[in-house]
Structure formats: structure tokens, C-alpha cells
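Taking it in order: structure first as C-alpha cells, then the write-up.
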There are 2 protein chains.
Amino acid sequence: MPRYADVMSTPTDDQLASLGAAFDAFARRYKLPDELGSETQLNELDKQTLIYVADHPGCGPTDIARFLAVPNTTISSATDRLAKRGLLERHRPEGDRRAVALQLSADGKARADAIVAAYRDICRRMLEPLSPAERKNFIRMITKIVHHED
Amino acid sequence: MPRYADVMSTPTDDQLASLGAAFDAFARRYKLPDELGSETQLNELDKQTLIYVADHPGCGPTDIARFLAVPNTTISSATDRLAKRGLLERHRPEGDRRAVALQLSADGKARADAIVAAYRDICRRMLEPLSPAERKNFIRMITKIVHHED
DNA sequence: ATTGAATAGTACGAACTTCGTTTTAACTTC
DNA sequence: GAAGTTAAAACGAAGTTCGTACTATTCAAT
């Protein structure tokens with residue numbers, strides 16, 4: 001029989017197992033369907049990069065690297081691929097001519113929108129089995145989890 | 001002003017945006033810390049493979065491939081790497097000598113346990129900011145989401 | 001029995017990624 | 001203006017995925 005303090009302060013083993021199993025199934029079930037419509041598919045890093053630039057026009061490679069927690073050279077490769085596909089443009093800003101200001105081309109914007117839309121569809125499918133009240137609650141809790149500082 | 005039916009049947013755009021943002025932060029915050037203790041680190045596929053074999057001793061490569069939704073040859077590579085590291089053993093079963101029955105070595109089992117433990121720690125950290133009642137509820141909802149058939 | 005098709009798995013190689021090291025270019029500062 | 005710092009890219013090594021081709025068995029049907 002568990003002590004009161006344990007029940008209050010830490011999740012039970014059963015709960016951890018359930019959550020683990022759920023996330024496991026999660027990853028497999030909601031793995032986004034490798035670019036059905038688009039001609040050439042982008043890998044995960046490139047998608048993340050594209051979306052970051054969409055949200056932060058004029059940012060530099062280093063900003064992205066910091067945000068995604070990968071080495072600078074890795075982002076350099078990613079932006080290279082995206083530029084080569086015509087999705088992203090590099091500009092030398094007048095202020096600091098070492099820097100590079102990134103922004104999306106029209107194609108790049110369309111692609112970013114498509115990715116976000118696919119992402120949103122997944123979210124929609126996930127929320128569907130919940131009742132409106134549950135949805136509200138679920139989002140509240142997951143937001144709490146994510147915003148919580150260690 | 002939204003119609004009643006919409007409010008009831010589909011998540012709102014705000015909800016989708018919140019959930020999307022939460023998962024986004026999720027992936028970055030709870031990215032497991034690349035094998036701190038272990039000598040050599042395994043990539044994600046190899047970890048998944050190891051854990052599948054731990055849970056299904058005697059299974060074959062094809063079973064794993066089906067489960068993880070990747071080509072057979074990819075699993076062949078993965079089991080190769082794991083065998084080379086001494087984490088996994090291949091046996092020819094008497095019943096069908098084309099097949100291969102996979103099982104973990106002692107090292108493999110230990111490694112699988114460590115991975116599961118790390119995974120569980122992440123789950124623990126996630127549940128921590130929630131109250132006991134919220135935890136129960138959260139797990140109930142996420143289980144409902146995952147088990148729901150389209 | 002024998003031949004043909006199906007099945008489990010592997011070998012091999014091409015294409016692609018990540019990321020460390022090195023290099024280039026442009027500020028800073030003293 | 002010389003030295004150090006910073007942004008970014010070039011280059012290359014190591015490792016991954018996955019398609020094609022191949023081997024070894026088993027099954028099926030005549």
C-alpha cells in the first residue's frame with residue numbers, strides 16, 4: 001500500500017507505463033505521411049528550418065541552430081538544400097555584411113504553409129475523439145507541462 | 001460567430017494552434033539526452049529495434065519492420081549493428097530454417113532496460129507539474145486519443 | 001518426386017545526412 | 001592597424017536509409 005506522500009508527489013509506476021505506451025503508439029500513429037502531394041520531400045530538419053524562417057523572416061543560420069539545438073554547420077547544410085530547391089533566399093544585409101538574412105521564396109512560403117497545415121491536421125485528428133470539455137482540459141494540461149521550468 | 005454544430009464537433013483554430021505549439025515545444029524540451037552514461041550511443045531506430053526484441057523475444061526482422069513501418073532492409077541494417085555490438089543474437093529456428101529468431105544478449109537486455117528507464121524518466125518529468133487528479137485525467141485522455149480508430 | 005512460385009533474410013551500393021575541422025570574410029577593440 | 005572575435009560556408013569523414021539483386025528454404029501443384 002503506497003504512502004500518502006508518494007501518491008501526492010510522484011506519478012505511480014502504472015501511470016508512467018501508461019503514458020509511455022501512449023507516447024510510443026503516438027509516434028507511430030501520427031507519423032506524418034511523407035509528403036503525399038509535393039514533388040520532392042524534405043527531411044525533418046529541413047521542414048523545421050523552413051518553418052522557423054517562415055516565422056522569423058530575416059533571421060540568420062545561427063539563430064536557427066540555437067533554436068533547434070544542432071550545430072551551425074548542420075543548419076548550413078539545411079539552408080543549402082532549401083536554397084538549392086528554390087525555397088529559401090539568402091541576402092547580405094547592409095548592417096553587418098558577414099551575416100546572412102534568410103527569407104522564404106513564394107514556393108517556400110507555400111511549402112511551409114502546407115507543412116503547417118499537415119501538422120494541424122494531425123492535431124485535429126488527435127483532438128477529435130475528445131469532447132469539447134476534454135479538449136480544453138487536455139490543452140491546458142499539456143501547455144502546463146511544456147511551460148513548466150525544471 | 002461559429003455555429004453550435006462546429007463548436008461541438010471540431011476543435012477550434014485556437015485549440016489547434018495551442019496544441020501544435022505545445023507539441024512543438026515538447027519535441028525540443030523532451031528530446032532525450034543522447035546516451036549520457038553508455039559507451040557507444042545508438043540511433044533512434046536501433047533503440048526501437050532493441051526494445052521491440054526485448055518485448056518480443058524470438059521475433060524475426062520482418063516483424064520489427066512491419067511494426068516500425070520501415071523497409072526490411074533497414075531493419076536488417078539495424079540488427080546488423082546491434083549484433084556487431086554484441087547486444088543481439090540471431091538463431092536459426094528448427095521449424096523454419098529460412099527464418100531468424102532474434103533475442104537480446106545480457107548486455108542487450110541491460111541496454112534496453114536503460115533506454116526504457118530514460119524514457120520513463122522523461123514521462124516522470126512531464127507528469128510532475130500536474131496534480132494527481134490531473135495526471136490521471138491526462139493519461140486517460142491521451143490513451144483515448146491513441147486507441148481511437150479513424 | 002519435381003518444378004515453379006513464394007517467402008525470410010542478407011549483401012551490396014547509391015544517395016543523402018550530420019557534424020567536426022578548416023577557411024574566408026567582416027566587424028571590434030585597443 | 002594588428003589581433004581577436006564572429007558569421008557563415010567549404011570540405012570531408014562517418015554513418016544511415018533503402019532499392020535491387022541474390023541465397024536459402026518452404027509450399028503447391030501437377
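Just so it is clear, the values below take in all heavy atoms, side chains as well, and ignore hydrogens, waters and symmetry mates. Reminder, nothing fancy here: chain letters follow the sequence lines and each chain counts from 1.
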Quick note, A/Pro61 side chain, CB onward, closest among D/dA9, C/dA11, C/dG9 is D/dA9

Atom CD of A/Gln48 and atom P of C/dT17 are separated, to the nearest Å, by 15 Å

Between A/Asp63 and B/Pro71, the residue closer to the 5' end of DNA chain D by nearest nucleotide is A/Asp63

When rounded to whole Å, the CG to C1' distance for the pair A/Leu42 and D/dT17 reads 17 Å

Here the salt bridge (Lys or Arg N to Asp or Glu O under 4.0 Å) pairs for residues 12-21 of chain A, sequence neighbours left out, are A/Asp13-B/Arg120

Could you tell me whether the side chain of B/Arg97 has a donor or acceptor atom within less than 3.5 Å of a complementary atom in the base of D/dT25?
no

Practice prompt. Would you tell me if any nitrogen or oxygen in the side chain of B/Asn72 comes within less than 4.0 Å of OP1 or OP2 on C/dG9?
Written response: no

A/Lys84 NZ to C/dA15 C1', in whole Å, measures 13 Å

Atom CG of B/Leu88 and atom P of C/dT10 are separated, to the nearest Å, by 10 Å

Here the distance between atom C1' of D/dT16 and atom CZ of B/Arg85, to the nearest Å, is 12 Å

Subject >> Donor-acceptor contact present, side-chain A/His56 to main-chain A/Tyr52, <3.5 Å >> reply: yes

With no hydrogens and no angle check, is any side-chain donor or acceptor of B/Glu134 less than 3.5 Å from a backbone partner on B/Ser131?
yes

On a heavy-atom basis, the closest approach of A/Pro132 and B/Gln15 is O-NE2, 4.4 Å

Are B/Leu19 and A/Phe138 close enough that some pair of their side-chain heavy atoms sits under 4.5 Å apart? yes

Considering only heavy side-chain atoms of A/Asn43, the closest of C/dG9, D/dC18, C/dT17 is C/dT17

From the list B/Gln48, B/Arg81, B/Arg85, side-chain contact (heavy atoms from CB on, under 4.5 Å) with B/Leu42 holds only for B/Arg85

- request: Give a yes or no on whether a donor-acceptor pair under 3.5 Å exists between the nucleobase atoms of D/dG19, that is its base, and the side chain of B/Thr73.
  value: yes

- Message: Less than 4.0 angstrom between a side-chain N/O of A/Arg90 and OP1 or OP2 of D/dA9, yes or no?
- Response: yes

Regarding the side chain of B/Ala99, the nearest nucleotide among D/dT16, C/dA8, C/dC19 is C/dA8

Rounded to whole Å, CD1 of B/Ile75 lies from C1' of D/dT17 at a distance of 11 Å

In whole angstroms, the gap separating C1' of D/dT16 from CD of A/Glu44 amounts to 16 Å

Checking D/dA9, C/dA11, C/dC27 against the side chain of B/Asp80 (C-beta onward), the nearest is C/dA11

From NE2 of A/His91 across to P of D/dA7 the rounded distance in Å is 20 Å

query: If only side-chain N and O atoms of B/Arg98 are considered, is one of them under 4.0 Å from the OP1 or OP2 phosphate oxygen of C/dT10?
result: no

- Task: Examine D/dA8: is either OP1 or OP2 under 4.0 Å from a nitrogen or oxygen in the side chain of A/Ser76? Give yes or no.
- Result: no

- Task: Could you tell me whether the phosphate oxygens of C/dT17, OP1 or OP2, come under 4.0 Å of any side-chain nitrogen or oxygen in A/Thr74?
- Result: no

If the cut-off is 4.0 Å, is B/Arg81 near the phosphate of D/dT17, judged by side-chain N/O to OP1 or OP2? yes

